[in-house]
Asker: 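Below you will find the structure I want to go over with you.
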Amino acid sequence: MTSAATTATAPKLADRMRAIVGPTNVLASPSDLVVYECDGFTIEKNKPDVVVFPTSTEQIVAIVKACGELGVPFVPRGAGTSLAGGCLPIGGGVMIALTRMKRILEVNYRDRYAIIEPGVVNLWLTNHIKPNGYHFAPDPSSQGACTIGGNVATNSGGPHTLKYGVTVNHVLGVELVLPDGRVVQTGGPHEDNPGYDLTGVIVGSEGTFGVATKAWVRITRNPEAYRTLLGVFESVDDATNTISEIIGAGIIPGALELLDSLILQAVEAAFRFGFPLDAGAVLIMEVDGLDAGLDQDAERIVEIAKRNNAREVRRANTEAERLLLWKSRKQAFGAVGRLAPSYCTQDGVVPRTKLPEILRFIRAVGTKYNIRIANVFHAGDGNIHPILLFDERDADQVKRVLGASHEILDECIRLGGSVTGEHGIGVEKIDFMPKLFSPEDLAMMVRLRSAFNPENRCSPQKMLPTAGACIEQSKAGRHAAM
Amino acid sequence: MTATVDSPRISLPVTPAKHDAGIDYELFLDCVHCGLCTSACPTYLELGDENDGPRGRIYLMRAVTDGRIELDDAVKGHLDLCLDCRACESACPSGVQYAKLIEPFRIHMHKIGVKKEHLSWLQRMLLFNLTPYAGRMRLALAPARLAQWTGIDSLMTKLGMFNLLPSSLRQMHEMLPPLKAHYGSLPEVLPAEGPRRARVALFTGCAADAIFPETNYATAKVLQKNGCEVWIPRKQGCCGAPHYHSALEEPAKQFAQQNCDAFLPDGSPVDAIIVNAAGCGAMLKDYGHLFHGSPQEEKAALFAKKVKDINEFLIELGPIQPMHPLKLKATYHDACHLCHGQQIRKQPRQLLEMIPELQLTTLNESEICCGAAGSYNLTQPEMAERLGERKAKNVLDTNAEALFVSNFGCQIQLGRYLRDKKPSLTIAHPIDALWASYNGEKL
């Protein structure tokens, strides 16, 4: 296993990096590195020894080769919005920040793809192609900040992936620098490549296979029209039953999102949309596509909601109203800062029909651990996001939050679901992998990773617990929360 | 973390000094580290270094406050590079009050003598002793006006004679836009046209009045036209922003006091205090906060409550329809201190769209700072230039013939980076356009 650069080797490492990318593209002073000690997941922290900002594939090749020679680990980082500690530099080493590789290299409307560098922010691509009536379909809530490189690593989802599919459905090919410095290209601009679908295994590998330096991504024609509805319910149960019934009726909404009363307070304070603060839950229900037929779909949805005791169903009448509604939903996590100094967002999945059950369980867990839990999630695909509120300065609260999180995720597994829908395993969920997969399953994954990253120098101790004993070791090596 | 003293493997770092910048620690905790602010930040957009993004800067200030890191040159550099544009506040869903962190922190850096001095003595002299005084400034610009009208200015530029100036002064000369004739002085009171709808006081500013006097003239006229009696208090002064943003709190407070006294005399209260420069407006609206906890707070807060940006005020009042067409393809740049500082975005656009035949087109990245940011273009010329060029490219991409912006600082900066690239481009304040359309004059 690779080890961190020691105090003695760190300056040498920085010099090597400066020789490759130039002095203005390297951070090595202690004060500059502290900002890179964590990402959107703040429970665990560790500083890298060096941060480099490469601007080309060639530089990344030289960086990983140097890491190999010096025996230090490296980890790629985009915008640092991961909620699972995907960018945590375990064991220090080199952090490869891809934010200076941010060009949109080509957009081909006729063949409907774009070639982008990893540091392109998700929304930039959509904004770039918007004048021509196109967008990039995966729309994680952090899309204004997160990079497409990060989306590829974590196979990001978003509200509209219920209908349009997650990132892997929109990546045609990837250029990847392997940890030994070789550059491979999987897929490319055209569909249906022969051979193994390596793009499919790279997307979602959480940076454990190498550093993606380029991606061919699909661009999607904007729907002709939308109907966006806001259903107001007295109880979470009524809202979740509505969800199951909508899907059961054969309607495939563009998005189907649930916000409970606690999150509504935060969102309303932030965006003043006019949410009813006394409601048990609201559902954002959107159908899109050809204009003809949408009204019928919308009417059926209203009918179903009413049948499930909806107090009222509102309609976004203007595009501005629709955008504000989505902004309220997408920035809900951040708005939680108004409720508590710290929060921990969980990311579990259950079969849709189990939503009422898991939400009742979450409420019970909140009571048991005396932790306030807000819920806002992609209801359509059963992807829950309980947000546990706490104060990170209070060690006891941190402990209770971790305990409650684990119970919730265990329950997701028991109900036939999983512990992450879209945020990834990172370091946060690594202990759950043996609960989700058999030793044989995990061994297969390790063998797959070894094909790309045999020495485990790239993003070590992420996603896969290498072996039973190693799990404990890796935990000890990680810094505790405070 | 604890470590035993005799541990041979770990060399304990020297514990950095803790800093108390007088910041309410809870303000740090509003940041939940989600990172949604990062790509709203102009310096992060340019550099891609999280130390130069809002989340990173908050993290640095907190780490210094906690004594985790030294307040070294690297940290100071990142904090000094902040434009104070507050785009992060608009982007932040968590309601982090970034300005209330960075401004006291900079004042703290200044107090303990670690704030880097980016201005030359000459620039400091000019910025703090000349530009904040409208009268002095107008006098100082008189030769420049004369030189521009007579063509001596362009002749001297061609001959390279300005190269003989010290670089700091040359930099300031390069910024100077073409100067229009000064209206002289407006009467102290301008009566309302038609039935009186409101009585307002006009804040005319200092440097702005000397460089773009036509905008103050237009503002007064537009207000009159809309049924407002306009009072221009003679004893008003600079808003104090140049000093406050340079961590000079005391002179800023003196100016604020002067304005509170000038605008709020006993009796005959005004309905609103009107300002047409975004930077000044944001500062004036912050007077209450400036005097927080002191006996002057109440009066300052009353003053702040009455302050209205001209765009904001007119839309609230219900503007009279302008009649004369201005056949122009135009675009609008959001001044940071208007859109982020005061959350005013729609109103100036609504006013422009009222003008017959004016076609308003969208400016890409309209809310990203142009690099002017008060005296930033003097203190951080390199980043100011990068952002100026970035903005210029976006403006040119629109093919607009006119660019409107509600802040004179942006107007200077945009002119600097667009004058040569597109000499035919008109750069003006939305109120200039509105007045032209009321009056039937050319813009």
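Atom set for the values below is all heavy atoms of this structure, side chains included, hydrogens, waters and symmetry mates excluded. Throughout, a chain's letter reflects where its sequence line sits, starting with A, and its residues are numbered from 1. Here the structure is a predicted model, which is why all the values come from computation and not from measurement.
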Asker: Between OG of A:Ser31 and CG of B:Leu71, what distance do you get to the nearest 0.5 Å?
Answerer: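 So the gap between those two atoms works out to 9.0 Å.
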
Asker: Could you tell me which portion of A:Val34 (side chain, backbone, both or neither) has an atom closer than 4.5 angstrom to a non-hydrogen atom of chain B?
Answerer: both

Asker: Under 4.5 Å from any heavy atom of chain A, what part of B:Leu45 do you find: side chain, backbone, both or neither?
Answerer: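 When you check distances to chain A, atoms from both the backbone and side chain of B:Leu45 fall under 4.5 Å.
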
Asker: Relative to chain B, which segment of A:Ser29 carries a heavy atom at a distance below 4.5 Å: side chain, backbone, both, or neither?
Answerer: side chain

Asker: Can you tell me if B:His33 uses its side chain to pair, donor with acceptor, with the backbone of A:Asp39 under 3.5 Å?
Answerer: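 Side chain of B:His33 to backbone of A:Asp39, a donor-acceptor pair under 3.5 Å: yes, one is there.
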
Asker: Just do the side chain to side chain contact (heavy atoms under 4.5 Å, CB included) check on A:Asp32 and B:His78 with the steps written out, would you?
Answerer: CA-CA 9 Å; A:Asp32 273 343; B:His78 299 306; 2.6 Å; yes

Asker: How close do B:Glu50 and A:Tyr36 get, heavy atom to heavy atom, and via which atoms?
Answerer: N-OH, 2.7 Å

Asker: Give the intermediate values and the outcome of side chain to side chain contact (heavy atoms under 4.5 Å, CB included) for residues B:Asp49 and A:Leu27.
Answerer: CA-CA 9 Å; B:Asp49 179 347; A:Leu27 300 179; 3.5 Å; yes

Asker: Could you go step by step and tell me if A:Phe53 and B:Leu47 meet the side chain to side chain contact (heavy atoms under 4.5 Å, CB included) rule?
Answerer: CA-CA 10 Å; A:Phe53 298 91; B:Leu47 300 173; over 6 Å; no

Asker: Between A:Phe271 and chain B, which part of the residue has a heavy atom less than 4.5 Å away: side chain, backbone, both or neither?
Answerer: side chain

Asker: Tell me if the NZ atom of B:Lys329 is crowded by more than 12 foreign heavy atoms within 6.0 Å.
Answerer: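 Yes, enclosed.
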
Asker: Do you know which two heavy atoms are closest between B:Tyr59 and A:Cys38, and how far apart they sit?
Answerer: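 Nearest heavy atoms, B:Tyr59 then A:Cys38: OH-SG, 3.6 Å.
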
Asker: Name the region of A:Arg100, side chain, backbone, both or neither, that has any atom closer than 4.5 Å to a heavy atom of chain B.
Answerer: side chain

Asker: Which one of B:Cys34, B:Ser39, B:Cys31, B:Ala40 has the most heavy-atom pairs closer than 4.5 Å to chain A?
Answerer: B:Ser39

Asker: Which residue out of A:Pro341, A:Gly119, A:Ala335 racks up the most heavy-atom pairs below 4.5 Å with chain B?
Answerer: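 Among the listed options, the one with the most contacts to chain B is A:Ala335.
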
Asker: Check whether A:Cys146 gets within reach of chain B through its side chain, its backbone, both or neither, counting any heavy atom under 4.5 Å.
Answerer: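 Interface part for A:Cys146: neither.
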
Asker: Heavy-atom cut-off 4.5 Å, strictly under: side chain, backbone, both or neither for A:Asn127 against chain B?
Answerer: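 No part of A:Asn127 comes within 4.5 Å of chain B.
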
Asker: Could you have a look at A:Gly80, A:Gly144, A:Ala270 and say which one has the most heavy-atom pairs with chain B under 4.5 angstrom?
Answerer: A:Gly80

Asker: Ignoring hydrogens and angles, tell me if any N or O in the side chain of A:Thr81 forms a donor-acceptor pair with the backbone of B:Leu36 under 3.5 Å.
Answerer: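 Checking the backbone N and O of B:Leu36 against the side chain of A:Thr81, no donor-acceptor pair under 3.5 Å is found.
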
Asker: Using salt bridge (Lys or Arg N to Asp or Glu O under 4.0 Å) as the criterion, list what pairs up with B:Glu365, not counting sequence neighbours.
Answerer: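 Result, salt bridge (Lys or Arg N to Asp or Glu O under 4.0 Å) vs B:Glu365: B:Arg390.
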
Asker: Looking at SG of B:Cys92 and CZ of A:Arg338, how far apart are the two atoms once the value is rounded to the nearest 0.5 Å?
Answerer: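 CZ of A:Arg338 is found 7.0 Å from SG of B:Cys92.
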
Asker: What residue, out of B:Gly48, B:Gly35, B:Ser94, has the most heavy-atom pairs lying under 4.5 Å from chain A?
Answerer: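 Of the options given, most contacts go to B:Ser94.
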
Asker: Would you say CD of A:Glu319 has more than 12 non-hydrogen atoms from neighbouring residues, nucleotides or ligands within 6.0 angstrom?
Answerer: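 Count over threshold, so yes.
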
Asker: Side chain from CB out, backbone as N, CA, C, O: work out which of these in A:Ala79 comes under 4.5 Å of a heavy atom of chain B, or both, or neither.
Answerer: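 The answer is both parts of A:Ala79.
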
Asker: Please state whether the side chain, the backbone, both or neither of A:Glu37 comes within less than 4.5 Å of a heavy atom of chain B.
Answerer: side chain

Asker: May I ask you to name which of B:Asn51, B:Thr38, B:Asn364, B:Val96 has the most heavy-atom pairs under 4.5 Å with chain A?
Answerer: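 Maximum pair count with chain A is reached by B:Asn51.
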
Asker: Under 4.5 Å from any heavy atom of chain A, what part of B:Arg55 do you find: side chain, backbone, both or neither?
Answerer: side chain

Asker: As an exercise: rank A:Asp391, A:Val35, A:Leu83 by heavy-atom pairs under 4.5 Å with chain B and give me the winner.
Answerer: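 Maximum pair count with chain B is reached by A:Val35.
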
Asker: If you compare all heavy atoms of A:Lys102 against all heavy atoms of B:Glu46, which two are closest, and at what distance to 0.1 Å?
Answerer: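 Of all heavy-atom pairs spanning A:Lys102 and B:Glu46, the closest is NZ-O, 3.8 Å.
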
Asker: At a heavy-atom separation under 4.5 Å, does B:Asp72 approach chain A through its side chain, its backbone, both, or neither?
Answerer: side chain

Asker: Tell me, please, which residues at least two apart from A:Pro89 pass side-chain contact (heavy atoms from CB on, under 4.5 Å).
Answerer: A:Pro48, A:Val75, A:Met95

Asker: What part of B:Tyr44 lies closer than 4.5 angstrom to a heavy atom of chain A: side chain, backbone, both or neither?
Answerer: side chain

Asker: Given heavy-atom pairs under 4.5 angstrom as the criterion, report whether the side chain, backbone, both or neither of A:Leu98 touches chain B.
Answerer: neither

